Trainee: 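The structure under discussion is supplied below as structure tokens; questions concerning it will follow.
Chain A is the first sequence line, chain B the second, and so forth, proteins listed ahead of strands; every chain is numbered from 1. These figures come from a predicted structure and were not determined experimentally.
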Number of protein chains: 2
Amino acid sequence: MTNRILNDYISVDCVIFGYNDNELQVLLVERTLTKESTKEIEFTDLTLTGNHIYEDETIEDAAYRVLYDRTGLDNVYLEQFKAFAHPNRLKKEKDRKWLIHDGRDPEQRIVSIGFFSLISTRNIIVESKCGIAKWVPLSEIGELAFDHNQIVEEALKALRSKIKHEPIGFELLPEKFTLTELQHVYEVILGTELDKRNFRKKIGRMKYLVPLDEKQKGVAHKPARLYMFSRDVYEKTRKEMFDFTV
Amino acid sequence: MTNRILNDYISVDCVIFGYNDNELQVLLVERTLTKESTKEIEFTDLTLTGNHIYEDETIEDAAYRVLYDRTGLDNVYLEQFKAFAHPNRLKKEKDRKWLIHDGRDPEQRIVSIGFFSLISTRNIIVESKCGIAKWVPLSEIGELAFDHNQIVEEALKALRSKIKHEPIGFELLPEKFTLTELQHVYEVILGTELDKRNFRKKIGRMKYLVPLDEKQKGVAHKPARLYMFSRDVYEKTRKEMFDFTV
DNA sequence: ATCACTTAGTGTACTTTTTACAATTTATAA
DNA sequence: TTATAAATTGTAAAAAGTACACTAAGTGAT
């Protein structure tokens, strides 16, 4: 790997989703902006995690690298969903007289290739070498830098669409999880309430969800059985569907 | 519009699908390569339709423009499905000593943002100002320039996935079409045979498919009823589904 | 006018899935 | 022992999926 970037104007940006406190959260990074003239700190901002693409990387390589540098995790769910080029981004940032604290000009990244990632929050070390990252519940995201609000919007759309047709909900949960937790993940992402019995009946037909001989510990009520996702079974039993809406 | 390109290294590439002779076809463009030294024509190649993104365009704007320049059509189905950056593309093309006939260096476009488009073949004028385009059945596509084979592959995957969940099949047909034609489109795209009665039962439940008081003309058998897609009805009746595979 | 030919159009019985809905079980904590 | 909290489970009715074969309505040839 050369570390020479492919192009100054292209970056990957990653919408990192986590699930905690019964909410869908996004991992955002603080960006410190200084005045070009005085070098004084003007204010801080929140951005997605992103970076350039190196010369000898595919776009996916770059995204996995970005994700690893931010979270220390690999083998996580990551999916490219859309590329963005805001013709106004250039202008909007040019009008300002700010620099990012490391001296980079914030206008540089023009085309951004959006990925979303699902990670199990508990594994993650939020502090990393490149800036301070923090989990922000979707409902509390304010105005982000650049066009990152739009990217989050579209990532959420892509996630909603994807989760309806492929079993990816458990990617937001620890390896072993209860059916109620899984149901909550679906409810939070889809924004609807689901009937407990029907959810279990439906998901129960999916062979890839394997019940363990293990139960929740330390809860003040009947402990729930734990389950795991088996990719193996999934690959073997997956069949394509043919359903169009309405 | 300035016509100043955003960036030399980024392009949009469009996989234009058409349906004819009961086959899925792709509109491809001949590229003439000349030797850099002698300017002699070395050979011709086939590529997708693509172009750079202008400074004041969104990526989608650029794709619609590219499609319009190639086909003379607007208001067609167009969808961004994936961005590509082949780290090897640069090298592969650099090793050769060719130029495209207009003098451009073929290595220039590095990141390509892929779209696919569905058009009703009968409306299209294939001759256009920028090169000769021709319809090639999917089964007969040989080796394309750059990584365009991969882009076509992925476009097809995206199309297959999309058509399972959204009503876009008729985009490949004239405004008025028969149910048999529609069924053939689904069969060709999905690569499976469908039962005529079951297909009609299923699609018949979709209110957006409106039967007309009009029949096929000039066929040597019982003429079929013609149908139209009503986007209006679709928008109104569309409801989200929650189905995961297996 | 009849007939041969070709594709359009339709129904039924069976299985599976969806949907709406509430009582019982099993653990902890007081 | 009891109160509490969440887990777990079933059923009946409606809708959708599946497998399967005959009749209808045109054209073109005789």
Trainee: Could you pull out every donor-acceptor pair under 3.5 Å between side chains of residues 186-198 of chain B and any protein atom, sequence neighbours left out?
Mentor:
residue: B:E187; atom: OE1; partner: B:H184; partner atom: ND1; Å: 3.2
residue: B:E187; atom: OE2; partner: B:Q183; partner atom: NE2; Å: 3.1
residue: B:E187; atom: OE2; partner: B:L194; partner atom: N; Å: 2.8
residue: B:D195; atom: OD2; partner: B:R197; partner atom: N; Å: 3.1
residue: B:D195; atom: OD2; partner: B:N198; partner atom: N; Å: 2.9

Trainee: Are B:R200 and C:dG11 close enough that a side-chain N or O sits under 4.0 Å from OP1 or OP2?
Mentor: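 B:R200 to C:dG11 OP1/OP2: no side-chain N or O under 4.0 Å.
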Trainee: In whole angstroms, how far is the C1' atom of D:dA7 from the CG atom of A:L226?
Mentor: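 Going from A:L226 (CG) to D:dA7 (C1'), I get 12 Å.
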Trainee: Treat primed atoms plus P, OP1 and OP2 as sugar-phosphate and everything else as base, then score nucleotides 22-30 of chain D 5' to 3': B for base contact with protein heavy atoms under 4.0 Å, S for sugar-phosphate contact only, - for none.
Mentor: --BBBS---
Trainee: Does A:K201 have a side-chain nitrogen or oxygen under 4.0 Å from the phosphate oxygens OP1 or OP2 of D:dG10?
Mentor: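 So the side-chain polar atoms of A:K201 never come under 4.0 Å of the phosphate oxygens OP1 or OP2 of D:dG10.
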Trainee: Using the ring of B:Y208 (Phe, Tyr or Trp, six-membered ring only), decide whether B:R238 places NZ or CZ under 6.0 Å from its centre and within 45 degrees of its axis.
Mentor: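 No, a cation-pi geometry is absent between B:R238 and B:Y208.
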Trainee: Does a side-chain heavy-atom distance below 4.5 Å link B:L156 with B:R160?
Mentor: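 B:L156 reaches B:R160 side chain to side chain.
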Trainee: Please tabulate, for side-chain N and O atoms in residues 224-232 of chain A, each donor-acceptor pair with protein atoms closer than 3.5 Å (sequence neighbours left out).
Mentor:
residue: A:R225; atom: NH1; partner: A:L212; partner atom: O; Å: 2.6
residue: A:S230; atom: OG; partner: A:V233; partner atom: N; Å: 3.0
residue: A:R231; atom: NH2; partner: A:E171; partner atom: OE2; Å: 3.4
residue: A:D232; atom: OD2; partner: A:K236; partner atom: NZ; Å: 3.3

Trainee: Do A:R31 and A:F43 meet the cation-pi criteria used here (NZ or CZ under 6.0 Å from the six-membered ring centre, within 45° of the axis)?
Mentor: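 Checked: cation-pi criterion not met.
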Trainee: In whole angstrom, what separates B:F199's CZ from D:dT18's P?
Mentor: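 In whole Å, D:dT18 P lies 14 Å from B:F199 CZ.
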Trainee: Out of curiosity, B:I53 CD1 to B:I10 CD1, how far, rounded to the nearest 0.5 Å?
Mentor: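 With rounding to 0.5 Å, CD1 (B:I53) is 5.5 Å from CD1 (B:I10).
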Trainee: Using only side-chain N and O atoms of A:R205, determine if any of them is under 4.0 Å from OP1 or OP2 of C:dT18.
Mentor: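 Answer yes for this pair, as a side-chain N or O of A:R205 is under 4.0 Å from OP1 or OP2.
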Trainee: Please give, in whole Å, the distance from C:dA8 C1' to B:N198 CG?
Mentor: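 Distance, rounded to whole Å: 16 Å.
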